[in-house]
Amino acid sequence: MDLHELKYPIGEFQSQESYTPSEIKSNIQIISALPSKFINLLGNWDDHRLDTPYRPGGWTVRQLIHHVADSHINAYTRCRLALTEHNPTIRPYEEQLWAELPDAKTAQVELSLQLLRYVHLRWVLLLNSLDENDLGRTYFHPGSQKSFRLDEVIANYAWHSEHHYQHAFRLAQRNNWQ
């Protein structure tokens, strides 16, 4: 298996000009399902498995889970900012450096799985309440020098959810851990 496929098991995110109500609903369902999918997959994994990189040069599964929690907490906050301010400039963070912090390298994954569970409950409640005008609201990302619409943010985080889930799932498949 080549490194690009290990890095992008479902391909890279492809943004669209617009999203249909059906696509938005489907993307919200993917976000909603992620915590349970991770809990079911990782339920009986020991430290050896959790500390295995999902690809050569990649994060361990433990770091991956903590990254997803960090990322989705930030995404939830960014959505709330976009809904309450006019195109706010969000605060980027250095995800590679965050993944190297002691808590990301050593904390029990259960902490981040529970964070994901509860953040996703709030986030999905918020996302399901959005109307067409809300979905068109934006925030500005200074790293990419681009404004992102919330319908695109939802699609991106649905992709992000499945992207990282597949990292752990396919690692388990390759190692016959199922």
Side-chain angles (χ1 to χ4, degrees), residues 3-4 6-10 12-13 27-28 30-85 88-127 139-144 148 150 153-175 177-178:
L3 190 57
H4 190 266
L6 289 172
K7 194 172 185 178
Y8 296 103
I10 62 169
E12 296 183 50
F13 177 67
N27 286 331
I28 294 170
I30 291 167
I31 292 168
S32 177
L34 181 67
S36 294
K37 287 176 67 171
F38 268 135
I39 289 166
N40 290 336
L41 177 64
L42 306 176
N44 64 354
W45 286 26
D46 59 17
D47 285 338
H48 169 74
R49 289 181 181 184
L50 293 170
D51 292 327
T52 301
Y54 69 87
R55 65 172 169 85
W59 291 330
T60 65
V61 174
R62 183 183 311 276
Q63 288 172 296
L64 178 84
I65 297 303
H66 295 313
H67 159 73
V68 173
D70 292 340
S71 176
H72 291 204
I73 289 167
N74 273 283
Y76 170 64
T77 300
R78 291 169 179 179
C79 288
R80 293 179 64 82
L81 288 168
L83 290 165
T84 58
E85 300 176 25
T89 299
I90 56 96
R91 175 80 168 81
Y93 67 99
E94 298 293 334
E95 64 183 38
Q96 280 299 131
L97 297 178
W98 282 36
E100 294 300 321
L101 292 172
D103 65 323
K105 292 182 93 171
T106 63
Q108 294 298 311
V109 296
E110 183 65 22
L111 298 172
S112 283
L113 290 173
Q114 290 304 318
L115 277 171
L116 275 173
R117 182 173 170 222
Y118 289 106
V119 167
H120 277 230
L121 286 171
R122 284 280 307 273
W123 194 16
V124 167
L125 181 67
L126 177 67
L127 296 178
Y139 62 71
F140 180 76
H141 194 299
S144 61
F148 292 91
L150 288 186
V153 170
I154 293 166
N156 190 5
Y157 280 91
W159 172 86
H160 189 259
S161 295
E162 190 60 22
H163 167 72
H164 284 310
Y165 174 77
Q166 287 297 323
H167 284 146
F169 180 77
R170 293 182 187 197
L171 173 68
Q173 283 185 320
R174 288 192 304 276
N175 288 302
W177 291 348
Q178 298 170 335

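For reference, positions follow the sequence shown, starting with 1.
When each of Trp159, Phe38, Tyr54 is checked for a ring pair (Phe, Tyr, Trp, His ring centres under 6.0 Å) with Tyr165, only Phe38 meets the rule.
A donor-acceptor contact closer than 3.5 angstrom is absent between the side chains of Gln173 and Arg170. Judged by distance alone, the side chains of Glu162 and Gln166 do bring a donor and an acceptor atom under 3.5 Å apart. Counting only N and O atoms by type, the side chains of His167 and His164 include a donor and acceptor under 3.5 Å apart.
Of the inter-residue distances, the one linking Cys79 atom SG with Arg122 atom CZ reads 12.5 Å to the nearest 0.5 angstrom. Interatomic distance, CD of Glu85 versus CG of Leu81, reported as 5.0 Å (0.5 Å rounding). Tyr8 contributes atom OH, which lies 10.0 Å from atom CG of Leu3 (distance to the nearest 0.5 angstrom). In this structure, CD on Gln63 lies 11.0 Å from CG on Asp70, to the nearest 0.5 angstrom. Here the CG atom belonging to Leu64 is positioned 12.0 Å from the OG1 atom belonging to Thr52, to the nearest 0.5 angstrom. Between the CD atom of Glu110 and the CG atom of Leu115 there is a distance of 10.0 Å, given to the nearest 0.5 Å.
The two residues Ile154 and Ile31 make their nearest non-hydrogen contact at O-CD1, 3.6 Å. Closest approach of Ile73 and Val119 over heavy atoms only: CG1-CG2, 3.8 Å. Counting all heavy atoms, side chain and backbone alike, Ser161 lies closest to His72 at OG-CE1, 3.3 Å. Closest approach of Leu111 to Ala107, counting heavy atoms only: CD1-CB, 4.1 Å. Nearest heavy atoms, Gly58 versus Pro53: O-CB, 3.6 Å. Closest approach of Pro102 to Thr106, counting heavy atoms only: O-OG1, 2.7 Å.
By the neighbour-count criterion of 12 heavy atoms within 6.0 Å, atom NZ of Lys7 is sparsely surrounded, having that number or fewer from other residues, nucleotides or ligands. No more than 12 heavy atoms of other residues, nucleotides or ligands lie within 6.0 Å of CZ in Arg91, so this atom counts as exposed by the packing criterion.
Contact check for Asn44 versus Arg49: side-chain heavy atoms found under the 4.5 Å cut-off. Put simply, the side chain of Asp103 does not reach to within 4.5 Å of the side chain of His66, judged on heavy atoms. For the pair Tyr93/Ser71, a side-chain contact is recorded, criterion being any heavy-atom separation below 4.5 Å from C-beta on. With contacts defined as side-chain heavy-atom distances shorter than 4.5 Å, the pair Asp47/Arg62 qualifies. Contact check for Glu95 versus Trp59: side-chain heavy atoms found under the 4.5 Å cut-off. Two residues are said to be in side-chain contact when any heavy atoms from C-beta on lie closer than 4.5 Å; Ile90 and Asn74 fail this criterion. With contacts defined as side-chain heavy-atom distances shorter than 4.5 Å, the pair Ile65/Val68 does not qualify. The closest side-chain heavy-atom distance from Val153 to Arg78 is not below 4.5 Å.
The aromatic rings of Phe148 and Tyr139 lie tilted to each other, with the angle between the two planes from 30° to 60°.
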- Task: Go through the steps for Glu100 and Gln96 under the test side chain to side chain donor-acceptor pair (under 3.5 Å), then give the verdict.
- Result: CA-CA 7 Å; Glu100 294 300 321; Gln96 280 299 131; 5.3 Å; no

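Under the 3.5 Å distance criterion, the side-chain polar atoms of Asn175 are left unmatched by any main-chain donor or acceptor of Trp177.
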